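Below, all heavy atoms of this structure are taken into account, side chains as well, without hydrogens, waters or symmetry copies. This structure is a prediction, so every number in the text was calculated from the model and none was measured.
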Amino acid sequence: MEPDTGARAELPELKGLNPRQLEAVEHGRGPLLIIAGAGTGKTRTLTCRIAKLIADGVPPSRILAVTFTNKAAAEMRARIEALVPGRGSFVWMHTFHSFGARLLRQHAAAAGLRRDFLIYDDGDQKKIIGDILASLGREDEKNKAGLYINIISRAKDDLIDAGSYAIHAQTSPAPGRALAAEIYTRYEAALNAAGALDFGDLLRKAVELLRNNDAIREYYQEMFQHVLVDEYQDTNHAQYVLTRIMSEKHKNLCVVGDPDQSIYSWRGADIRNILEFERDFPNAKVVALELNYRSTSKILAAADTLIKYNLRRKPKNLYTENPAGEDVSVMELPSETDEARWVAREIMRLVDEDGASLRDIAVFYRTNAQSRSFEDVLRRMQIPHRLIGATRFYDRAEISDALAYARLLVNPQDPVSLSRVVNVPARGISKQTVDKLKIFAAERGVSFYDALAQSVQPADLGLAGTGAAPSYANPLKLTAAALSAIKKFLELLETLHAEAQTASAAFIMQRALLLSGYWKSMEDACEKNPHDKDAQSRMANLQELMNAMKEYEERRQDSGEEPSLPGYLQEVSLITPTDEASGRNGVTLMTVHLAKGLEFPVVFVTGLEEGLFPIGSSDAPDDELEEERRLCYVAMTRARKRLFATHAATRRLFGKMYANLPSRFLFESKLMNQADAVRPGADNMEFVAPPNPKVVPAGRALDGQRVRHAVYGTGRILSQSGSGENVKITVLFDQGGRQTFMLRYAPLEIL
């Protein structure tokens, strides 16, 4: 039973709030927008506001508070209960998805659901869509299941059901939209048949329930006197609508967030929700929290200077009463390997000389693929570390697939590697066929490889060389298509094995990816949807594997040893033990996206180069560039005492070395002067990348010239700008994307 809350009580904790925080906490009725800058104590402000409402007589069960993660919800719930013991636990404290699930279970019949409906996770979704693709005769496209999950999830975020999506698809010129609509329709039918919902449904169907049932909607609108939403800048359309419905009657909506930290547009977040809050609620009170409790003034000054280049934001001026602290350190290194080595050495210096703890140090990067250099160096230097939010580089599926091919070239009898890639990419050797072969191998007492070979053994050796169609003994009674696929796979392995006897590790790895069709399958996934982040990440990871092999060869040659494919595989097995150090006292490695909401005494922001951070081309749309700038701002404001920013003069892409320009963010934040843009690398090691003769014949490029890029494929030069060594060219690639390159170092080949 909920306790009586009629008596008002003072909260001693309010005395520790600064004036702006107290203003937000004590705001009475009506809409409230709290612009909470980085490190300004937003969680404390929000929880104190809820506790103050309860202390002032609002029944806790009539307060709805929503945030984005279970961890944040649990932390807020504990804080509120500590402030108002015995009452805080009655607040409706939820993530958006758990709130949607609670509504739908409570009113399952009205929503047309079973009360015990299942909630499918990502693995369940991939299985369903894989089965749908097989039923459509597209079993070889199962690796694209993630793409269709993303399409369906974004549609549900926008409250678009399968029927509406199909209608849009009929008039859409976008390729593949009709197939996506068919998959969405069948996917919904499969979920309905199973009595299941996915995460997107928890919000979409909750909104449908409230829109379509007046009694239920009015009940909750009356019940929730106050609605509070944390991280409002990260809300998508469905969350925005759900929030508006819940607060429609009393208008006591309090949202907390920071437009400068909106970094999730790729998963549906709409920055307009917070930027246009005052348009939605013209009488809203706005309170800006600007006193930063986290960072030194020098770190804060750099971050604040950077973010003011953005136009789509709410003006505020962060300041701190903390000491000025150390200058932000900026370091240029000759390559990404040198960058990782320098970071590792600096970490050890901080530990040995400054007494820093490894758990206090974090290394941030823009893409998952960048972790490989840091993982390798930290392991070699025996520095404990933990990789957050992502699979270790050598454990990622595409890397494991590629290394399985490499292991087969060393030992074709390796059953684990053979089982992994026998039908990857899909080549017509079904699971049923594989199961038959494994049973056959067990019965005959032979290896899986020998079972494959025996299944396609000619029935009559005398026919060899006659030109007649092949005839196989076929002891397993396999289909002609399966026999043909097995024969081609074995021929592939034989070809690669022969080449591997004289080729370098990196070269034979590249050949394996190309001849097997694996690289082509990655390219097809990116071409299908240029905005598929997962597909692009997989390609980037494979490029990083090539880089790792090149670096291995260079290390062995520098030490006078002969590099080899077996040697590389042995090195990989030694530097990625299953008992990897993942204790609490280790350096944290993570992408910047995952760092949001965290803080560390020492932060390294790495890879600050044009094209990498900010990612993409130099002429990217303003909204994309502003989000990249917000991402850099988030990275910088995670640091409490020390901030290091690094960039590499050169970086490998699929085994080739390219020169890079320092990120514009280094100049915008006043961490670098324009005069420092080109300078020798660390330890006076100057790297001068030679011009690319294939792209700069006679020192110029021709408009309309056809070119090829290792990642983006073929395209043509559209235009040029600038002069002298600063000439840039813009290329329109056949897959539809535009990219701009420095002409002197353009990573392109003339066709």
Side-chain angles (χ1 to χ4, degrees), residues 334-340 365-377 379-380 390-410 417 421 424-425 496 499-500 502-526 535-558 563-573 575-576 607 609 611-612 648 650-660 689 692 708-713 745 747-749:
S335 70
E336 74 268 31
T337 302
D338 295 296
E339 178 184 48
Y365 32 81
R366 178 62 182 83
T367 67
N368 276 317
Q370 290 168 259
S371 75
R372 195 273 308 164
S373 296
F374 296 104
E375 289 181 77
D376 283 357
V377 170
R379 285 195 182 95
R380 284 199 293 270
T391 306
R392 291 179 303 143
F393 181 82
Y394 291 106
D395 287 345
R396 291 165 186 160
E398 60 276 8
I399 301 303
S400 295
D401 291 342
L403 292 179
Y405 274 107
R407 285 191 291 268
L408 285 176
L409 302 186
V410 175
S417 297
V421 301
V424 175
L496 291 172
E499 293 184 7
T502 56
S504 69
F507 178 82
I508 198 61
M509 187 74 265
Q510 183 176 14
R511 289 284 290 167
L513 293 174
L514 292 174
L515 295 183
S516 68
Y518 198 93
W519 182 255
K520 180 65 164 54
S521 71
M522 298 291 104
E523 288 182 322
D524 288 345
C526 287
Q536 294 170 12
S537 178
R538 289 191 292 271
M539 289 187 71
N541 289 337
L542 288 173
Q543 292 165 356
E544 273 300 298
L545 178 63
M546 298 298 301
N547 296 343
M549 287 186 158
K550 281 282 188 182
E551 291 170 11
Y552 156 77
E553 292 170 359
E554 291 168 1
R555 285 198 308 273
R556 298 281 287 192
Q557 290 167 353
D558 290 344
S564 66
L565 185 59
Y568 175 74
L569 293 174
Q570 176 177 300
E571 179 171 295
V572 169
S573 68
I575 65 174
T576 56
E609 301 141 28
L612 180 59
T650 63
R651 194 171 290 272
R652 289 185 189 276
L653 179 65
F654 207 58
K656 294 183 180 180
M657 186 80 79
Y658 299 117
N660 306 303
N692 185 336
R708 177 185 290 111
H709 187 279
V711 173
Y712 302 113
Y745 304 119
L748 303 165
E749 294 184 17

Q: Under the side chain to side chain contact (heavy atoms under 4.5 Å, CB included) rule, collect the residues that match up with V421, sequence neighbours excluded.
A: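 V421 satisfies side chain to side chain contact (heavy atoms under 4.5 Å, CB included) with A404, Y405, L408, F489 once adjacent residues are dropped.
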(Q) For A402, give me all partners under side chain to side chain contact (heavy atoms under 4.5 Å, CB included), at least two apart in sequence or on another chain. (A)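 Here the qualifying residues are M509, L513, L542, L545.
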Got a donor-acceptor contact below 3.5 angstrom from the [X] side chain to the [Y] backbone?
X: E553; Y: A506; value: yes
X: E609; Y: A648; value: yes
X: Q510; Y: M546; value: no

Check [X] against [Y] and note the closest heavy-atom contact, atom names and distance.
X: Q370; Y: R366; result: OE1-N, 3.1 Å
X: E339; Y: G607; result: OE2-N, 2.9 Å
X: F507; Y: A503; result: CD2-CB, 3.5 Å

Q: Return the set of residues passing side-chain hydrogen bond (donor to acceptor under 3.5 Å, both in side chains) with S335 (not counting sequence neighbours), or none when no residue passes.
A: D338
**Q.** Those residues that, when tested against R372, pass side-chain hydrogen bond (donor to acceptor under 3.5 Å, both in side chains) (two or more places apart)
**A.** D376, E544, E551
Using 0.5 Å steps for rounding, measure from the [atom1] atom of [X] to the [atom2] atom of [Y].
X: R538; Y: M522; atom1: CZ; atom2: CE; value: 5.0 Å
X: E398; Y: N541; atom1: CD; atom2: CG; value: 4.5 Å
X: D401; Y: R396; atom1: CG; atom2: CZ; value: 14.0 Å
X: I508; Y: S564; atom1: CD1; atom2: OG; value: 13.0 Å

Q: For Y552, check ring pair (Phe, Tyr, Trp, His ring centres under 6.0 Å) against everything at least two apart and list the hits.
A: Y568
(Q) Before you tell me yes or no, could you show the steps for R555 and T337 under side-chain hydrogen bond (donor to acceptor under 3.5 Å, both in side chains), namely the whole-Å CA-CA distance, both residues' side-chain angles and the distance that decides it to 0.1 Å? (A) CA-CA 11 Å; R555 285 198 308 273; T337 302; over 6 Å; no
Q.
Taking the basic N atoms (NZ, or NE/NH1/NH2) and the acidic carboxylate oxygens, is any pair closer than 4.0 Å for E375 and R379?
A. yes
Q.
Suppose the criterion is salt bridge (charged side-chain N to carboxylate O under 4.0 Å, His left out): which pairs have a residue in residues 502-513, not counting sequence neighbours?
A. E499-R511
